[in-house]
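Right, one structure below, let's go through it.
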Amino acid sequence: MFEGVNASDGIGIGVARVAVEPDLSFTPHKPEDAEAEKARYEAAIEKFIAQTNAQIERMKANGLENEAGIMNAHIEFAEDDGIKEMVIGSIDGGMCAEQGVSDAYDMYYNMFSNMEDELFRERAADIADVRTALLADLLGQEMVDLSSLPENSVIIVHELTPSMTADIDKQNVVAIVTETGGRTSHSAIIARALEIPAVLSVADVTKNIKNGDMVVVDGGKGKVIVDPTAEELEHYNDLAKKYAADKAALEAFRGVPTKTADGKEVLLVANIGNPSDAQGALEHDCEGVGLFRSEFLFMDAKELPSEEEQFAAYQKVALAMKDKPVIIRTLDVGGDKEIPYMNMQHEDNPFMGFRAVRYCLNNPDQYKVQLRALLRASAYGDIKIMIPLVTTVDEVRKVKELVEVCKKELDAEGVKYNPDIEVGTMVETPSASLVSDLLAKECDFFSIGTNDLIGYTMCADRGNDRVAYLYNVYQPSVIRSLKAIITNGVKEGIMVGMCGEAAADPLLIPVLLSFGLTEFSVSAPSILRTRRIISQWTIEEADALVEKILKLETSAEVRAALQAAAK
């Protein structure tokens, strides 16, 4: 048995089809005609764009309109002026097109893959996908084709790129197994949209599984079994039936209020990364947006997005959500999110350096562009402004002062906005937790970012295997921090939400209900399952469980107690 990342739920049982990737090796050389070499490069780009647009149309035809938007990022990378300039410059400097493409895309790949934020780190896979396609064309190699596989195929591949995923025939593919990738990669997102079980990051799986092997893939638990016994086959066939029944049962929670067994209502909203995600979130029955990461607008741009560009993006989400709340986090730049055109200075410890709200307040004119765009968009829906990486009350006050300046400017221009727009804080630092009673007096809402809060509280990088054992939400210090934040927010009468991954943790949900959390912001596919779990608990039951775990001393004890009480 092999184990990996549980990227897409479900049980898949079928025959292994090991995909052979193109040979992209080449010998660097100086071309005789630089202009002809540039023409080869441009022709490769044109072919790639044409093929990608064709994939987008096929995805739309298969009902994957929202997921098709993912492929647009590939076109943007292929057309990126900065990358093009690097490649052309390399050719002018005596390199062949293959070397120029390889060097330029490798540089961008390394930049993205070294980011701490998993969502941004997964963008490296998109860059690698474009690099592979361009090099394959330049070298005359055929790309992996997953569009015409036999029935009951289990795809085994080193890296499932978004372009490969886009061509998969859902009728014939029962599961996917890769050697790379994570839950937030674009290929994982598309696999979930196609409802194909997937396990990613299984080491050496292309070497250990052969064409024709019988394979069982448990996408929910991240397990892959080769040549299962008769007993194992029977077990997993039963699990597949139960999974299908469970999925059908979740539909009973579509279109109903999110409330506990004793009737306490809470808000169940979605995390999104770009405007196109809003429609998908609605299709999963979200009650709003709890986190829109606005930095995607900046990461995908070649220069600072204008007020009009930002306004259009925020307005699109507001209109899609109509009267539902939309919390938009202002630019969270720096640390792991390095944007070349912002020319930020190198720091030895960027995660505790000049980033997020610190950068924005030090560049008020630039920050005002975003705040004005947010205010203008608030005329079209219930938009709320969230400040990232807050550590002091002063930071909140300064942002609110800038918001008031922007309001006066818009008043003078006769531009409409919501004068009562809410400004809140993303609570993700130990400092914010410790002064959450003070922050609650200044903020209209809290949203707890557990991913960073855990890391900063435990002084543990979740990407570092040697300290990963410390990185979990069940640590007593993290539990106590969550209790303090939620209690202080509720005491001041403000909404307290959570937009980190822990909001969808079935073990933690009763704890959060007991503490008084009023908003759960989760990934769109987790909405119905989270609603069901919330419906299974009364506040009295949750309170009794919390009384027990607050007396426990280790994360293992807390986890065990929560598992024992799970419904």
Side-chain angles (χ1 to χ4, degrees), residues 56 65-77 79-80 117 119-120 123 126 184 186 189 269-283 286 288-333 337 339-342 356-357 359-360 363 365-388 399 402-403 406 409-410 415-418 421-424 426 447 499 521 523-524:
I56 289 171
E65 188 159 348
N66 294 311
E67 289 74 20
I70 289 173
M71 303 305 295
N72 288 319
H74 288 206
I75 294 176
E76 290 170 5
F77 279 127
E79 294 181 324
D80 185 88
D117 191 311
L119 286 166
F120 287 105
R123 294 299 302 277
D126 300 310
T184 56
H186 282 169
I189 292 169
V269 293
N271 299 329
I272 66 173
N274 59 64
S276 299
D277 291 344
Q279 191 56 45
L282 286 168
E283 290 170 4
C286 75
V289 171
L291 171 63
F292 174 18
R293 303 174 177 91
S294 68
E295 54 270 17
F296 276 85
L297 296 169
F298 297 78
M299 298 291 290
D300 289 341
K302 301 176 182 66
E303 58 186 9
L304 191 71
S306 68
E307 181 179 322
E308 288 302 320
E309 289 171 324
Q310 293 190 56
F311 164 69
Y314 307 145
Q315 181 196 43
K316 182 176 180 179
V317 177
L319 290 172
M321 289 292 155
K322 297 180 180 177
D323 58 342
K324 294 180 172 67
V326 177
I327 296 178
I328 301 179
R329 181 173 70 187
T330 62
L331 180 60
D332 188 4
V333 70
K337 306 180 188 76
I339 301 177
Y341 61 78
M342 288 188 171
V357 69
Y359 173 88
C360 290
N363 294 273
D365 291 339
Q366 179 179 307
Y367 198 22
K368 280 174 59 183
V369 172
Q370 182 171 35
L371 296 176
R372 281 174 56 97
L374 288 166
L375 282 166
R376 289 172 57 194
S378 72
Y380 299 87
D382 185 14
I383 283 182
K384 307 175 192 293
I385 299 172
M386 181 160 66
I387 314 166
V399 172
L402 272 181
V403 170
C406 292
E409 291 178 358
L410 294 176
V415 177
K416 292 182 180 180
Y417 62 90
N418 175 14
I421 191 169
E422 294 186 5
V423 179
M426 189 168 184
S447 187
C499 56
S521 190
S523 65

Please report the closest heavy-atom contact between [X] and [Y], naming both atoms and the distance.
X	Y	result
I328	S294	CG2-CB, 4.2 Å
Y367	L402	CD2-CD1, 3.7 Å
A318	A377	CB-O, 4.1 Å
R376	Y417	N-CB, 4.4 Å
I56	M71	CG1-CB, 3.5 Å
G280	A524	O-CB, 4.4 Å

* Structure fact -> The residue among L282, V289, V269, D382 that forms side-chain contact (heavy atoms from CB on, under 4.5 Å) with K324 is L282
From [X] atom [atom1] to [Y] atom [atom2], the distance as rounded to the nearest 0.5 Å:
X	Y	atom1	atom2	result
N418	K384	CG	NZ	8.5 Å
I383	E422	CD1	CD	12.5 Å
C499	I327	SG	CD1	7.5 Å
L374	I421	CG	CD1	6.5 Å
M321	I272	CE	CD1	6.0 Å
R372	L410	CZ	CG	4.5 Å

Tell me, do [X] and [Y] make a side-chain contact under 4.5 Å, heavy atoms counted?
X	Y	answer
F298	Q370	yes
S276	K316	yes
I385	T330	yes
D332	M426	no
S523	N271	no
L297	Y314	yes
Q310	V369	yes

* N-O pairing of R329 and E295 below 4.0 Å -> yes
